[in-house]
Amino acid sequence: MNYLSHNYSSLKLASAIALSLSGWAFSIAASANDFNMQNVESKAQALVDTHYNPKPLPIPAFLKNLSPEQYSQIQDTRPLWQNENTPFQAQFYLPGSWFHQPEVIREVVNGKVRPIPFNLGDFSFGNLKVPADLPSDLGYAGFRLLAPLNTPPNYNEFISFLGATYFRAVGKHAVYGTSARGLGIDTAQPSGEIFPYFKEIWLEKPQAGAQDMVVYALMDSPVATGAYRFTIQTGDSTKVQVQATIYLRKPVQVLELAPLTSMYWHGHGRGITAGDWHPAQHDSSDLVMANGNGEWLTRPIDNPLQIQTTTYSMDHPVGFGLIQEDRDFSAYQGIETQYQRRPSVWVQPVGDWGKGQVRLVELPTNNRDMDNIDVFWVPDQEPAPKTPLHFAYNLRFFLDNHGLIPLAHPVGTYLGDDPKTAGARTVVIDFGGGALTKLPGNMPVKAHLTAENGAQILSQKLEWDAKDHFWRVIAVIQPQTASPSNVRCYLTLDKQVMTNTWTYLLHAAKE
């Protein structure tokens, strides 16, 4: 469904504010003979003219049958560039468990490509019982990077590339949560999703004192090839500059740029708990979007009963991302899971992405082990087969959400069933931050609440919390039984918009 836009004169600076968040830009300098992005693009272009022929290596049953928990016991004990005075080190993954596709990984030293020899003796296996005949030429399934992040001078893992084109990152004191991907194709389509994969990787050896790490990747799939350059910085947050060129072998149904993948099981009246006692379990709570016209939107994530796809048409997008709003342990009560430390992830286009859609796919789940949330950009125009599509964007993995959204915004969403009216829902939206933190409760703030598709707003009121300085909208809404309602809400003061727009696809309560 498309969102309804309206003009926000007070948000004209939104684009400039968002673009200034990163403070970093692409910088590619190399001599003519050095390995660079053009080498990878040439490989991707040549690959698109060949028949797709993946060659997965046979994996011993011992590795192939490992559970994810068992697989995690396998550790690379001799990082690449260890004791070489580099600001980054690399460790590698063996093929096994869910990760069967091998990757050819090389290093680039002073512009020249060198092989990275495989040595089975570099890996420890924890308490796993390793068969004596384990092959000595298994190769690699992925890699991770380390830096002296949390416990210097010791090196800590901060980004991992493993499986298809997936990668995930953390900054200081964060734990892994939402993942990114190089490319998505045909997610939630009846024909089935296609998963491209990185078949070749090049790790550029950083010089002493370098502030970033450069990784190149060659992508392949039955329908697309691609070349990628990742420039990675870490610190309080981890930033990834992505430069990509893709070639389609043939048309696809949905071409998905800058995809993010996350998990939402339940919380605040959304999702089925399946008997779970925790107040909430999710890697992300909200999808936030910034349109080129200055409008910002917050869409709380849900765990629906059936697959649910929602689209938001945009023109010249400023950014979008999956946000973990609540940072208090008490909101989750997960000593092991530590959801309050899962990073938010923001996608900031570089250059003009033109017209397209931010698409949100929500899949039903009854546990925390399934990534059931996907969000990505779908361009209006898909490139013709074998025609290069160049695009670039910045990714940021961070804990502190302050400063991302220029105005006040929804900081909490709570849903319940209304006991008085069949099918009606109670909707509670808390708006905080921005100028709202300085407003006294006697100011004439107004809530603008709408509900589409035949839904009725049975009641609504606006309350002010004097202690924490937020405004709460409480509404009872009755959607049509067979048709969910697109509900929208924002706050104004003297006709000036004070918040971004909260939007949600509200279903009728089950009787």
Side-chain angles (χ1 to χ4, degrees), residues 1-18 268 270 284-302 308 310-323 325 344 346-347 356-360 362 375 377 401-415 425 427-437 439 445-453 455 457 460-463 470-475 477 479 484-506:
M1 69 174 39
N2 296 338
Y3 69 85
L4 301 178
S5 63
H6 45 275
N7 292 325
Y8 289 129
S9 61
S10 62
L11 290 182
K12 292 298 184 181
L13 295 178
S15 298
I17 293 172
H268 305 321
R270 308 198 303 275
S284 308
S285 60
D286 301 281
L287 165 63
V288 174
M289 298 163 280
N291 200 358
N293 66 359
E295 184 180 27
W296 286 70
L297 294 149
T298 294
R299 163 63 153 82
I301 299 171
D302 197 6
Q308 182 169 277
T310 313
T311 61
Y312 299 87
S313 294
M314 291 192 172
D315 197 351
H316 314 293
V318 172
F320 64 91
L322 292 173
I323 305 301
E325 184 64 44
S344 299
W346 185 251
V347 176
Q357 301 173 345
V358 173
R359 186 169 298 185
L360 172 67
E362 298 163 301
V375 62
W377 175 258
N401 299 333
H402 300 297
L404 173 66
I405 305 172
L407 295 183
H409 59 280
V411 295
T413 299
Y414 310 89
L415 300 178
R425 307 293 305 278
V427 179
V428 179
I429 314 159
D430 289 345
F431 290 91
L436 290 185
T437 59
L439 287 182
V445 175
K446 292 184 178 180
H448 299 260
L449 180 69
T450 59
E452 300 175 355
N453 302 334
I457 300 175
Q460 69 177 87
K461 61 180 178 179
L462 181 63
E463 298 179 342
F470 67 86
W471 296 77
R472 171 169 287 176
V473 177
I474 303 176
I477 303 173
S485 173
N486 182 33
V487 182
R488 294 166 56 88
C489 185
Y490 62 95
L491 303 184
T492 62
L493 176 61
D494 296 330
K495 298 183 180 181
Q496 180 176 348
V497 174
M498 301 297 294
T499 69
N500 68 338
T501 300
W502 177 95
T503 182
Y504 191 74
L505 198 61
L506 187 67

Do the side chains of [Y] and [X] get nearer than 4.5 Å, heavy atoms only?
{"X": "Val487", "Y": "Val427", "result": "no"}
{"X": "Trp346", "Y": "Val288", "result": "yes"}
{"X": "His448", "Y": "Thr492", "result": "yes"}
{"X": "Leu439", "Y": "Val445", "result": "yes"}
{"X": "Leu322", "Y": "Asp286", "result": "no"}
{"X": "Val375", "Y": "Phe320", "result": "yes"}
{"X": "Lys446", "Y": "Leu462", "result": "no"}

List the atom of [X], the atom of [Y], and the distance in Å for their closest heavy-atom pair.
{"X": "Leu493", "Y": "Met498", "answer": "N-CG, 3.6 Å"}
{"X": "Pro410", "Y": "Glu325", "answer": "O-OE1, 4.0 Å"}
{"X": "Leu287", "Y": "Leu360", "answer": "CD2-CB, 4.0 Å"}
{"X": "Ala475", "Y": "Leu449", "answer": "CB-CD2, 3.5 Å"}
{"X": "Thr499", "Y": "Leu436", "answer": "CG2-CD1, 3.9 Å"}
{"X": "Phe431", "Y": "Cys489", "answer": "CZ-O, 3.8 Å"}

Original post:
Between Arg270 and Glu362, is there a side-chain N and carboxylate O pair less than 4.0 Å apart?
Top reply: no
For the [atom1] atom of [X] and the [atom2] atom of [Y], what is their distance to the nearest 0.5 Å?
{"X": "His409", "Y": "Asn500", "atom1": "NE2", "atom2": "CG", "result": "7.0 Å"}
{"X": "Ser284", "Y": "Ile301", "atom1": "OG", "atom2": "CD1", "result": "5.0 Å"}
{"X": "Ile323", "Y": "Arg299", "atom1": "CD1", "atom2": "CZ", "result": "15.0 Å"}
{"X": "Arg488", "Y": "Glu452", "atom1": "CZ", "atom2": "CD", "result": "7.5 Å"}

Subject >> side chain to side chain contact (heavy atoms under 4.5 Å, CB included) assessment of Met314 paired with Leu297 >> reply: CA-CA 11 Å; Met314 291 192 172; Leu297 294 149; 4.2 Å; yes
If we count only N and O atoms by modelled type, under 3.5 Å, do the side chains of [X] and [Y] hold a donor and an acceptor together?
{"X": "Thr413", "Y": "His268", "result": "no"}
{"X": "Thr501", "Y": "Trp296", "result": "no"}
{"X": "Tyr312", "Y": "Arg359", "result": "no"}

Subject >> Partners passing side chain to side chain donor-acceptor pair (under 3.5 Å) against Ser285 (at least two apart in sequence or in another chain) >> reply: none
Subject >> All pairs passing side-chain hydrogen bond (donor to acceptor under 3.5 Å, both in side chains) where residues 427-437 contributes a residue, at least two apart >> reply: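 Residue pairs with at least one partner in residues 427-437: Asp430-Arg472.
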Subject >> Flag, side chain of Asp494 to backbone of Gln496, donor-acceptor distance under 3.5 Å >> reply: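 Looks like no, no N/O pair under 3.5 Å.
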Subject >> Among Thr310, Thr298, Asn486, Thr450, the one residue meeting side-chain hydrogen bond (donor to acceptor under 3.5 Å, both in side chains) with Thr503 >> reply: Asn486
Original post:
Passes side chain to side chain contact (heavy atoms under 4.5 Å, CB included), Tyr504 versus Asp302? Steps please.
Top reply: CA-CA 9 Å; Tyr504 191 74; Asp302 197 6; 2.9 Å; yes
